[in-house]
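Here is the naming used below: chain letters follow the sequence lines, and residue numbers restart at 1 for every chain. All values below were derived from every heavy atom in this structure, side-chain atoms included, with hydrogens, water molecules and symmetry-related copies excluded.
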2 protein chains.
Amino acid sequence: MTTATTSRDLPHPARDEIRLEDILHALADPMRLQIVRELATDGGELSCSHFDLPVTKSTTTHHFRVLRESGVIRQTYRGTAKMNGLRRDDLDGLFPGLLDTLLDAATRQAVRLRSA
Amino acid sequence: MTTATTSRDLPHPARDEIRLEDILHALADPMRLQIVRELATDGGELSCSHFDLPVTKSTTTHHFRVLRESGVIRQTYRGTAKMNGLRRDDLDGLFPGLLDTLLDAATRQAVRLRSA
DNA sequence: CGACTCGTACGATAGGCATCGTAGTACGTG
DNA sequence: CACGTACTACGATGCCTATCGTACGAGTCG
């Protein structure tokens with residue numbers, strides 16, 4: 001059965017359609033920043049249902065869509081699951097160092113607030 | 001007359017009250033990102049009226065307040081003028097490299113969109 | 001004091017958005 | 001085909017926010 005990846009595609013912005021303001025807006029939400037941090041830690045792709053967020057599934061869908069439409073993540077169906085992965089190549093190509101610096105900033109703040 | 005700086009103070013978040021999400025939210029607005037870019041280019045302090053933004057003065061005041069309350073800029077009265085400066089020390093202390101990386105990203109996008 | 005400039009405050013408005021609930025679709029498995 | 005799982009679509013709601021206009025306060029200069 002050729003591991004067909006099910007073809008049902010989702011709209012993503014092309015690399016040169018990605019806007020910095022959209023990225024910042026996407027990451028300005030704590031829920032979405034958390035998702036991106038987990039994706040970065042994992043390094044690979046994670047299904048939506050992997051995340052245990054304190055909101056309903058509707059809201060989770062909404063956040064993943066914002067991340068996809070801003071160009072931060074790439075989403076692909078794989079059977080019933082929807083896999084999510086960071087668009088590292090595109091982001092690093094457009095804005096070198098941005099993603100890593102943002103992730104580092106998020107980590108620093110998490111550490112700082114935890115030990116406060 | 002001792003250059004009194006007029007004393008009339010404005011509320012700023014302390015360094016450890018600054019939140020990454022607030023910074024990202026502040027900079028996600030094109031108008032505010034532009035203001036920050038000009039402040040960074042200048043390096044010093046600029047009055048509100050220096051900026052020629054395509055919005056009314058009320059709206060300009062609003063944007064500067066968002067930047068101040070998020071901890072991105074410091075505002076001080078000097079006579080009738082209100083001077084604005086980046087909080088470089090605080091931002092670099094909390095989130096090393098973040099401000100420079102964001103400014104670089106903004107510049108890259110500006111160049112890219114101009115030559116599109 | 002009076003006039004002028006710079007910026008603020010406040011109310012209104014319109015649009016955006018995070019959230020929810022319910023109903024529904026797509027896919028895999030028995 | 002029937003069922004369960006994973007995710008979506010849509011409508012509603014309440015909050016946030018970018019914008020404006022007008023009226024006002026604070027400071028400077030004549």
Side-chain angles (χ1 to χ4, degrees), chain A residues 1-12 19 21-36 39 45-70 72-85, chain B residues 1-12 19 21-36 39 45-70 72-85:
Chain A
M1 38 51 146
T2 56
T3 315
T5 319
T6 328
S7 78
R8 197 167 140 232
D9 288 342
L10 292 158
H12 289 79
R19 294 289 174 273
E21 311 88 272
D22 296 337
I23 296 177
L24 298 182
H25 171 247
L27 299 184
D29 183 283
M31 210 78 75
R32 294 193 288 258
L33 184 56
Q34 183 56 35
I35 291 174
V36 169
L39 284 175
E45 294 191 320
L46 294 173
S47 71
C48 291
S49 57
H50 166 271
F51 296 86
D52 189 28
L53 303 174
V55 291
T56 64
K57 282 198 297 180
S58 308
T59 306
T60 303
T61 298
H62 162 70
H63 285 308
F64 276 105
R65 183 171 47 225
V66 172
L67 287 171
R68 170 170 50 82
E69 292 179 345
S70 68
V72 175
I73 68 172
R74 189 173 293 281
Q75 294 189 295
T76 48
Y77 282 107
R78 194 159 311 164
T80 64
K82 192 185 198 174
M83 304 306 289
N84 305 276
Chain B
M1 37 54 138
T2 58
T3 315
T5 318
T6 329
S7 78
R8 196 166 142 232
D9 287 343
L10 291 158
H12 290 78
R19 295 290 174 270
E21 311 88 271
D22 295 338
I23 295 177
L24 298 183
H25 172 248
L27 299 185
D29 183 283
M31 210 78 73
R32 293 192 287 258
L33 184 57
Q34 183 56 36
I35 292 173
V36 169
L39 284 175
E45 295 190 320
L46 294 172
S47 71
C48 291
S49 56
H50 166 271
F51 297 85
D52 189 27
L53 303 174
V55 291
T56 63
K57 282 197 299 179
S58 308
T59 307
T60 302
T61 298
H62 162 69
H63 285 307
F64 276 104
R65 181 171 50 226
V66 172
L67 286 172
R68 169 169 50 82
E69 291 179 345
S70 67
V72 175
I73 68 172
R74 189 173 292 282
Q75 294 189 294
T76 48
Y77 282 106
R78 196 158 310 164
T80 64
K82 192 185 200 175
M83 304 306 289
N84 305 277

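The side-chain heavy atoms of Cys48(A) and Met83(A), taken from C-beta on, include no pair separated by under 4.5 Å.
Arg32(B) is linked by a side chain to side chain donor-acceptor pair (under 3.5 Å) to His63(B), counting only residues two or more places apart in sequence or in another chain. Residues forming a salt bridge (Lys or Arg N to Asp or Glu O under 4.0 Å) with Arg74(B) (at least two apart in sequence, or on another chain): Asp90(B). When the side chain to side chain donor-acceptor pair (under 3.5 Å) test is applied to Glu45(B), the partners found at least two apart in sequence or on another chain are Arg78(B). Checked against side chain to side chain donor-acceptor pair (under 3.5 Å), Gln34(A) has the following partners two or more places apart in sequence or in another chain: Glu38(A). Here Glu21(B) pairs with Gln109(A) under the side chain to side chain donor-acceptor pair (under 3.5 Å) rule; sequence neighbours left out.
The heavy-atom pair separating Ile73(A) from Leu39(A) by the smallest distance is CG2-CD1, 3.7 Å. Looking at every heavy atom in both residues, Val36(A) comes nearest to Val72(A) through CG2-CG1, 3.9 Å. Across all their heavy atoms, Asn84(A) and Ser47(A) have their closest contact at ND2-C, 3.7 Å. Nearest heavy atoms, Ile23(B) versus Ser70(B): CG1-O, 3.9 Å.
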Can you list, pair by pair, the side-chain donor-acceptor contacts under 3.5 Å of residues 50-58 of chain A, counting residues two or more places apart and other chains?
residue  : atom : partner  : partner atom : Å
Thr56(A) : OG1  : Thr59(A) : N            : 3.4
Thr56(A) : OG1  : Thr59(A) : OG1          : 3.2

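Using a 4.0 Å cut-off, some side-chain N or O of Thr56(A) falls inside it from OP1 or OP2 of dC20(C).
Here dC7(D) presents its C1' atom at 14 Å from CG of Leu53(A), a figure rounded to the nearest Å. Atom C1' of nucleotide dA26(D) and atom CG of Asp9(B) are separated by 14 Å, given to the nearest angstrom. Residue Phe51(A) contributes atom CZ, which lies 15 Å from atom C1' of dA6(D) at whole-angstrom precision. The interatomic distance linking Leu10(B) (CG) with dA26(D) (P) rounds to 13 Å, in whole Å. One interatomic measurement links the two molecules: CD1 of Ile35(A) to P of dC7(D), which rounds to 12 Å at whole-angstrom precision.
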Spell out protein contact along nucleotides 11-18 of chain D as letters: B when the base is contacted, S when just the sugar-phosphate is, - when no protein heavy atom is under 4.0 Å; keep the 5' to 3' order. ------SS

Sort me out a list of protein N/O and nucleotides 5-7 of chain C N/O pairs below 3.5 Å, or just none if empty.
residue : atom : partner  : partner atom : Å
dG7(C)  : OP1  : Cys48(B) : N            : 3.3
dG7(C)  : OP1  : Lys82(B) : N            : 3.3
dG7(C)  : OP2  : Ser49(B) : N            : 3.0
dG7(C)  : OP2  : Ser49(B) : OG           : 3.3
dG7(C)  : N7   : Lys57(B) : NZ           : 2.9

Under 3.5 Å between N/O atoms: give me all the protein pairs with nucleotides 22-24 of chain D, atom names plus distance.
residue : atom : partner  : partner atom : Å
dT22(D) : O4   : Ser58(B) : OG           : 3.3

